[in-house]
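Side-chain atoms are counted along with the backbone in the values below, which use heavy atoms only and exclude waters and symmetry mates. The shown structure was predicted, so the numbers you read here are calculated from the model rather than taken from an experiment.
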Amino acid sequence: MPPRTALLAEDETDLLLFPPLRACWSPRGQPKEVSLSGRNARRVVFGALNLRTGHRLLLAREHQRAVDYQAFLELVHLRYRGWPVALLQDEDSSHTAGGSVGLAEVLGIQLLWLPKRSPKLNPLDTLWGQAKDVVSANKQYATMEDHVEQFLSHLQSLSPREALSTAGALSEDFWLTSVL
């Protein structure tokens with residue numbers, strides 16, 4: 001990678017209107033009541049974490065299609081204009097679509113592929129999980145937009161160091177330590 005390259009870990013996560021249920025306490029013999037609406041809306045949050053600075057880019061979309069991923073590539077290009085960018089990501093079909101790979105090339109974004117079936121290598125996987133525990137678990141929001149807004153606000157409220165630490169990128173055992 002050229003010097004000054006922005007090394008970004010990229011991933012997506014689904015947010016659902018129905019809350020993910022986690023363990024919680026209630027009196028013995030009295031199950032905890034969790035209110036649910038009649039339908040389960042969904043949004044996808046695209047994210048990138050700069051593994052050197054902790055800066056985050058986030059984009060909520062209704063779907064995870066190639067066109068949605070390409071909108072995220074445009075956001076990355078806009079934010080890192082003039083910088084070489086390497087995007088570490090999985091081989092989701094929205095990433096490997098011809099239009100997506102072509103757009104990344106046009107925008108000068110180098111795509112680095114994680115091995116198949118290895119989500120634990122992507123630091124965003126941990127960041128998503130921690131944020132969902134805080135924002136999403138055992139809670140149902142009035143609207144999907146409220147849920148997305150709270151999720152994005154929580155992630156943006158983390159300091160760069162907190163984001164890197166939560167994602168595991170500051171650990172001595174982080175698998176990319178030698179290139180950071």
Could you list the donor-acceptor pairs under 3.5 angstrom formed between side-chain atoms of residues 2-10 and any protein atom two or more places apart in sequence or on another chain?
from: T5; atom 1: OG1; to: P2; atom 2: O; distance (Å): 2.4
from: E10; atom 1: OE1; to: H95; atom 2: NE2; distance (Å): 3.2

Counting only pairs under 3.5 Å, give me each side-chain donor-acceptor contact of residues 155-167, with atom names and distances, residues two or more places apart or in other chains.
from: S157; atom 1: OG; to: H154; atom 2: O; distance (Å): 2.7
from: S159; atom 1: OG; to: E162; atom 2: N; distance (Å): 3.0
from: S159; atom 1: OG; to: E162; atom 2: OE1; distance (Å): 3.4
from: E162; atom 1: OE1; to: S159; atom 2: N; distance (Å): 2.7
from: T166; atom 1: OG1; to: E162; atom 2: O; distance (Å): 2.8

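- Considering only residues two or more places apart in sequence or on other chains, D125 meets the salt bridge (Lys or Arg N to Asp or Glu O under 4.0 Å) condition with K120.
- With sequence neighbours excluded, the residues satisfying salt bridge (Lys or Arg N to Asp or Glu O under 4.0 Å) with R43 are E145.
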Identify all side-chain donor-acceptor contacts of residues 169-180 below 3.5 Å with residues at least two apart in sequence or on another chain.
from: S171; atom 1: OG; to: D173; atom 2: N; distance (Å): 3.0
from: W175; atom 1: NE1; to: L121; atom 2: O; distance (Å): 2.7
from: T177; atom 1: OG1; to: F174; atom 2: O; distance (Å): 2.8

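- Here the CG-NE2 distance, from L15 to H147, works out to 4.5 Å after rounding to the nearest 0.5 Å.
- Shown here are the side chain to side chain contact (heavy atoms under 4.5 Å, CB included) partners of E105, two or more places apart in sequence or in another chain: there are none.
- In this structure, L75 and L58 approach most closely via the heavy-atom pair CD2-O, 4.0 Å.
- Take Y80 and apply the ring pair (Phe, Tyr, Trp, His ring centres under 6.0 Å) test, not counting sequence neighbours, and it matches no residue.
- Atom CH2 of W113 is separated from atom CG of L87 by 8.5 Å, given to the nearest 0.5 angstrom.
- Applying the side chain to side chain contact (heavy atoms under 4.5 Å, CB included) criterion to E74, with sequence neighbours excluded, gives L103, L107.
- Nearest heavy atom pair, residue T143 against residue L17, reads C-CD1, 3.9 Å.
- When the side chain to side chain contact (heavy atoms under 4.5 Å, CB included) test is applied to R28, no partner is found at least two apart in sequence or on another chain.
- In the hydrophobic cluster analysis, where Ile, Leu, Val, Met, Phe, Trp and Tyr join through side-chain heavy atoms closer than 4.5 angstrom, L57 is grouped apart from F151.
- Across every non-hydrogen atom of R52 and N50, the tightest pair is N-OD1, 2.9 Å.
- Using a distance-only test at 3.5 Å, with no hydrogens or angles considered, a donor-acceptor pair links the side chain of R56 to the main chain of G54.
- Considering only residues two or more places apart in sequence or on other chains, T96 meets the side-chain hydrogen bond (donor to acceptor under 3.5 Å, both in side chains) condition with none of them.
- Atom OG of residue S94 and atom CZ of residue F72 lie 11.0 Å apart, to the nearest 0.5 angstrom.
- Connection of L51 to L112 is established within a shared hydrophobic cluster, with ILVMFWY side chains joined at heavy-atom distances below 4.5 Å, either directly or through further cluster members.
- Every side chain to side chain contact (heavy atoms under 4.5 Å, CB included) that L124 has, sequence neighbours left out, goes to D11, L49, N122, L127, W128.
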Let me check something: any side-chain donor-acceptor pairs from residues 60-69 under 3.5 Å, sequence neighbours excluded? List them with distances.
from: R61; atom 1: NE; to: D68; atom 2: OD1; distance (Å): 2.9
from: R61; atom 1: NH2; to: D68; atom 2: OD1; distance (Å): 3.0
from: Q64; atom 1: NE2; to: E12; atom 2: OE1; distance (Å): 3.1
from: Q64; atom 1: NE2; to: D92; atom 2: OD1; distance (Å): 3.3
from: Q64; atom 1: NE2; to: D92; atom 2: OD2; distance (Å): 3.3
from: D68; atom 1: OD2; to: R65; atom 2: N; distance (Å): 3.0
from: Y69; atom 1: OH; to: Q89; atom 2: OE1; distance (Å): 2.7
from: Y69; atom 1: OH; to: Q89; atom 2: NE2; distance (Å): 3.1

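- V101 is connected to F46 through a chain of hydrophobic side-chain contacts under 4.5 Å among Ile, Leu, Val, Met, Phe, Trp and Tyr, so both are in one cluster.
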